[in-house]
Each structure stands twice: as C-alpha cells, then as structure tokens.
Number of protein chains: 2
Amino acid sequence: MSTIKDVAKKAHVSVATVSRVINSKGYVNIETRQMVLDAVKELNYVPNELARSLFQKKSHIIAVLVPHLTSYYFAELLDIIEDLVVNLDYRLMVCNSHDDPEKESKYLKIFDQYNIDGLILIANTHRIEDYKKLEIPIVEIDHNLSEEIPSVTSNNYLGGKLAAEKLVNGGCKKIIHFRGPSDLVTVKERTEGFKSVLKKRNIHNFSYDLDFITPSGEEIENVILSNPDCDGIFCDSDVMAIHAIQALKIARRLVPEEVQVIGFDNIELAQIFKPYLTTISQDREKIGSYAVRTLMKLINKEDLEQVHHKIDVTLIERNTTK
Amino acid sequence: MSTIKDVAKKAHVSVATVSRVINSKGYVNIETRQMVLDAVKELNYVPNELARSLFQKKSHIIAVLVPHLTSYYFAELLDIIEDLVVNLDYRLMVCNSHDDPEKESKYLKIFDQYNIDGLILIANTHRIEDYKKLEIPIVEIDHNLSEEIPSVTSNNYLGGKLAAEKLVNGGCKKIIHFRGPSDLVTVKERTEGFKSVLKKRNIHNFSYDLDFITPSGEEIENVILSNPDCDGIFCDSDVMAIHAIQALKIARRLVPEEVQVIGFDNIELAQIFKPYLTTISQDREKIGSYAVRTLMKLINKEDLEQVHHKIDVTLIERNTTK
C-alpha cells in the first residue's frame with residue numbers, strides 16, 4: 001500500500017504539498033497540483049481518513065446512540081440509517097446506551113475523542129446538557145429533549161387520535177390503552193391524542209403503563225382477564241398488541257368480533273403473526289431520511305428550513321379491527 | 001478543552017515530548033515524564049484518539065460486518081457484542097453488507113482507511129480473499145470461509161441431530177425440514193445432523209429451502225397444506241416455525257397433538273408467541289464472548305489455544321412438542 005511519502009516522492013514535491021492538494025487547503029499552483037494528482041492515481045494512493053480527520057477536524061463518522069438493539073422498531077430504523085449514512089460516504093458508529101447514564105457518559109468521551117462529525121440520538125439520554133456541550137451537530141429521533149436540538153418524531157398525537165377514532169367508530173364502548181412509560185413525551189402525546197377523541201364521545205377508558213422493551217405478557221393477561229367487558233384495546237407497540245391478542249385467546253374472547261385491537265409501529269412481525277394486526281404505522285424510511293438530511297445540513301453549516309419535523313403516521317387496517 | 005500544546009506549555013516541554021510520554025514510545029527521563037503526567041492531570045487533558053491512532057496505528061475501533069440488521073437473531077447477537085467491545089474500551093463500527101458484493105468492497109476500503117483494529121465477520125462475504133489481504137485480525141461468526149481465519153460457530157450438526165431425535169422419539173413418521181438456503185455451510189451441517197438420525201430409523205423426510213431473512217409464509221402454507229400426513233416439522237429459524245404453526249392452524253391441525261414443531265435460534269419472540277416454541281437454542285452470549293476474546297488475542301498478538309470454536313446448542317422444550 002502506498003503512503004503519502006511515496007506520492008510526494010513520485011511527484012517531486014513535499015508531503016505538505018500533497019496534503020494541501022488532497023485536502024484542498026492552501027495554495028498549490030496548477031501544474032504541481034496536476035503532478036500530485038497523477039502520482040495519486042498512478043500509485044493508487046488511498047488517503048488515510050484518520051490523517052485527514054486530524055487535519056480537517058472531520059472523521060466522516062456519524063454516531064448513533066440507541067437505547068437497545070434488540071427492539072424490533074429500533075433495529076429496522078437503524079438498518080435504514082446505516083444505509084443512508086454509508087451512501088453519503090460516512091461510517092456509522094453504533095452506541096447502545098442500555099438506558100444507563102454511566103454508559104452514556106462513557107460515550108460522551110468517545111464522541112469527543114474521535115472527532116465524530118454528527119450524532120443521531122434515538123435514546124432518551126439522561127445527559128442532554130452534556131451532549132449539547134460537545135459542540136457537534138445533533139439530531140434527535142423520537143424525542144425532543146431540548147428546543148434547540150433539531151428533531152424528527154412521528155406525529156404521536158395523530159397516532160393516538162387515529163386509533164381512538166377507529167375503535168370508537170367500530171362501536172367500542174370500554175377501551176384499554178396499554179401504553180409505554182407515561183413519563184416519555186411520545187407516550188404522553190399518544191395518550192393525549194387518544195383521550196381527545198374518547199372524551200368528546202364520553203367513552204370509558206383507562207391506561208396501563210408497561211415497559212417498551214419487555215412488556216410483561218403476564219400483566220397484560222391479568223388486566224384483560226379482570227376486564228371481561230372490555231371491547232377495544234390500543235397498544236403503544238405491536239409487541240404489546242401481540243401479547244394482548246394471545247391473552248384474549250386465553251380469555252376466550254374473539255378478535256375482532258368481541259374485542260378490537262390496534263398496535264403501534266408496524267414492525268415486520270405485524271405481518272407474520274396472525275391475525276394480521278391493525279396498527280399505526282411509523283414511517284421509518286421518512287424518519288431516517290429526514291434525520292440524516294437534517295444532520296448533513298448541520299454538518300455542512302447550511303440553514304435549516306425547519307428545526308422540528310413531525311412525520312405523519314397512518315392507520316394500517318388489517319384483521320384485528322372491524 | 002485543553003490540547004496537547006497546553007500540556008506542553010504547562011510542563012515546559014515540547015509537544016513531541018508530551019506525545020512520547022502519552023504513547024509510551026521513545027526515551028523520556030523520569031522527572032520530565034512526571035511533569036508531563038502532572039500537567040495532563042491538572043489540565044484534565046484527554047488525548048485525541050485519532051492522533052494516537054495515527055501514531056500507534058491503532059484506532060480502538062472494531063468493525064462488525066453483518067448481512068442484515070433486521071434479523072432478530074443478528075440484532076440480539078450485535079447487542080451482546082457491542083456491550084463486550086465497549087467494556088474493553090473499544091468502539092463498534094457497524095457495517096451492513098445487505099449481502100451485496102459492491103457494499104462489501106466499499107467497506108473494505110473503509111476498514112483500511114480507519115486503521116480498524118479488528119473485524120468480526122458475521123456476514124457470508126463474497127470477498128473473503130480481499131478481506132484477508134487487509135492484514136487486520138479477523139474472526140468469523142456463523143461461517144468458516146477460510147481455514148486460517150478463526151471462527152466461532154454453533155454446533156449446527158448437533159442442532160439438526162437434537163431436533164431429529166426429539167421428533168422421532170415423540171413418534172413422528174413423516175417430517176418436513178424447512179431450512180435456509182442449502183448452499184450455506186450452517187444449513188448443510190444442520191441438514192446432515194438431522195438426516196443422520198432419520199436415516200438410521202428409516203424415517204421419511206424432505207427438505208424445503210427458504211430465505212432466512214424473509215421466509216415466505218405463503219410457501220410454508222402451501223407445503224403444509226399439500227402434505228396433510230406430515231406429523232413433524234423442523235425449521236432452521238424460529239420465524240419459519242412461527243409461520244409453520246400459523247399454517248397448521250389454517251390446515252386445522254393441532255400442535256403438538258397431531259404435528260410437532262421445532263424451531264432454531266431461540267430468539268425472544270419464541271417466548272412471546274403462543275404456543276411457546278420448542279427450539280434449538282444458539283448460545284449468543286457464548287458466541288459473542290468467544291468471538292471478542294479471540295479477536296482481542298489476535299490484536300494483542302497472543303497465541304490462540306484454539307482457532308475454531310464450535311459452541312454447543314441445546315434443545316429447549318416448550319409447548320410445540322410432546
């Protein structure tokens with residue numbers, strides 16, 4: 001493998017000159033420039049990204065902080081983001097916070113040490129103030145932890161509203177909302193959208209908080225068994241909805257004839273598991289591409305037309321609603 | 001944030017001297033050394049990893065090449081590897097090959113440019129010879145593309161054997177094996193282990209090839225509907241098994257009374273979906289930790305006691321077998 005020294009020797013110039021040409025910095029006269037480029041080509045020289053990085057203070061690495069890798073929704077989102085980032089000639093460093101403030105601190109140091117060009121925060125970080133101090137472009141997905149950090153989120157209020165309308169128009173009178181931790185903004189917004197419809201129609205409902213990553217099938221079963229008159233269920237994730245459908249089977253209640261169920265996310269699983277799930281679809285392609293596009297604008301110091309993006313969700317009607 | 005220049009100024013030495021102390025290279029007398037270390041401590045100086053990397057030809061970055069991020073098995077494995085790597089003070093660069101030779105070539109270049117310290121290959125790369133030329137430590141998981149590259153794989157032969165024994169001992173006489181693409185070594189080994197048992201007992205069986213990432217539910221349904229006398233099914237993944245169980249429901253055949261089903265992987269999903277799946281469990285914790293441990297030995301130029309590791313699989317009996 002040839003080095004910058006080989007190129008310099010071949011082109012009869014100094015290493016500093018080669019560096020100036022490669023990094024398009026400083027003055028180099030046109031003939032010298034051409035000699036260097038010819039030598040680069042002839043020797044098939046690949047500049048070391050780390051050396052470039054030091055010079056340009058750019059690493060071409062994008063970091064993404066996720067709360068978990070085993071969540072189906074995050075895995076699908078990460079797949080899309082990796083593809084977009086690599087196509088733009090960046091690399092993806094994946095950092096798993098495990099929702100642990102200590103791990104987050106560790107990553108903070110890493111981001112600084114590696115001249116990370118930008119950061120996509122999918123995790124609900126406990127250290128947003130420290131992250132802001134990093135002075136690297138940040139885009140949030142799913143969260144909106146700070147007004148000045150650009151974000152891309154699903155329109156969660158709309159999601160709750162669409163689910164409620166579908167259940168109410170399908171004749172449901174007593175509805176359970178299995179939701180995520182109610183201190184999360186996403187969950188709050190879904191709940192508000194959901195209740196806004198039910199309140200107008202004076203329909204009884206209650207919410208039950210569950211963990212997003214490992215919602216307890218047992219708890220869902222208990223709630224369903226102790227509410228035999230429930231006729232509609234809205235879940236904050238498809239995995240919760242699959243648990244609910246299985247609990248309804250145990251309770252010998254027919255889906256959708258006696259109880260209608262709506263999930264959230266539209267993960268692939270919703271199309272494997274039968275009955276196929278009616279669900280609120282989050283547009284992962286759009287979320288990923290808006291996030292990456294916004295981050296690139298920040299990296300290139302371009303103006304943002306819009307700081308916060310809310311991506312519309314849609315109701316996908318399948319076989320668990322009437 | 002303080003720089004190496006600040007440290008040099010504070011310690012009244014040159015930048016080169018600070019660099020020698022930090023990287024433990026070259027001679028520095030003991031008092032000077034102490035002055036530098038005091039200055040580092042006082043200024044809370046964090047050396048730039050990229051600068052160190054250039055000097056030491058080490059980046060403390062481990063790359064992992066995966067074929068897909070949306071496969072539940074890979075997502076769970078990646079979660080474990082990320083944790084192990086970060087705890088050893090390395091970072092993880094995730095590269096998604098999408099099983100595309102062109103994308104693989106792109107990554108080859110990246111690995112070189114970033115002084116990647118080591119590479120974990122989970123993907124079935126089309127360019128193994130090019131990867132070998134990289135001259136960085138490589139460990140393979142799930143594959144064994146080249147004799148000289150250390151590997152960690154499940155004992156797939158044992159997996160096939162355990163599944164066949166369970167079905168045969170449970171009285172199955174006509175068995176279907178829904179497997180992955182039969183040109184993959186993992187699939188070949190499972191098939192051999194599976195058939196070794198059935199052959200001895202003279203039991204009828206046939207194999208049907210499917211895609212691992214998106215096995216077609218429709219094809220599985222067709223095969224099951226056109227084989228109404230089948231009484232045992234072995235699947236190369238839990239997702240295939242879940243499809244099979246749903247197809248059996250459509251065919252109005254009881255699981256496990258009339259047809260017994262065994263999956264492979266033991267993903268979390270196998271414990272969400274009812275009836276809970278009997279499956280061959282791949283020990284992801286062990287696979288991840290052997291792979292990372294082997295890679296670290298290669299990076300540190302230590303001797304390997306063993307080049308190829310086969311990790312035993314186990315049969316997890318749940319509710320889809322008798």
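Note on naming: letters A, B, ... go to the chains in the order of the sequence lines (proteins, then strands), and numbering restarts at 1 for each one. Model, not experiment: these values are computed from the prediction.
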Report the residues that fulfil ring-ring contact (aromatic ring centres under 6.0 Å, His included) with [X], sequence neighbours left out, ordered by chain and then residue number.
X: A:Tyr90; result: A:His60
X: A:Tyr72; result: B:Tyr72
X: B:Phe273; result: A:Phe273

Review point. Among A:Ile242, A:Ile267, A:Asn87, A:Leu69, which residue forms the greatest number of heavy-atom pairs with chain B at distances under 4.5 Å?
Key: A:Leu69
Heavy-atom proximity to chain B below 4.5 Å, by part of [X]:
X: A:Ile272; answer: both
X: A:Ser71; answer: neither
X: A:Phe74; answer: neither

Exercise for review: Take B:Val94 and A:Val64 through the side chain to side chain contact (heavy atoms under 4.5 Å, CB included) test and state the conclusion after the steps.
Suggested key: CA-CA 10 Å; B:Val94 170; A:Val64 57; over 6 Å; no
To the nearest 0.5 Å, tell me how far [X] [atom1] sits from [Y] [atom2].
X: B:Leu92; Y: A:Leu92; atom1: CG; atom2: CG; value: 9.5 Å
X: A:Asp89; Y: B:Lys109; atom1: CG; atom2: NZ; value: 8.5 Å
X: B:Asp79; Y: A:His98; atom1: CG; atom2: NE2; value: 5.0 Å

Point to revise | Over 12 foreign heavy atoms within 6.0 Å of CD, A:Glu257 | key: yes
Practice item. Step through the shown structure and confirm whether more than 12 heavy atoms of other residues, nucleotides or ligands are within 6.0 Å of NZ on A:Lys286. Key: no
Exercise for review: Could you tell me which residues in residues 245-253 of chain B have at least one non-hydrogen atom under 4.5 Å from a non-hydrogen atom of chain A, sorted by residue number?
Suggested key: B:Gln246, B:Lys249, B:Ile250
Review point. In terms of heavy-atom pairs under 4.5 Å with chain A, which of B:Met93, B:His68, B:Glu268 leads?
Key: B:Met93
Check your understanding: Quick one: of B:Leu78, B:Val66, B:Val86, who has the most non-hydrogen atom pairs under 4.5 Å with chain A?
Key -> B:Val86
Review point. Are A:Asn96 and B:Asp83 close enough that a side-chain donor and a side-chain acceptor fall under 3.5 Å?
Key: no
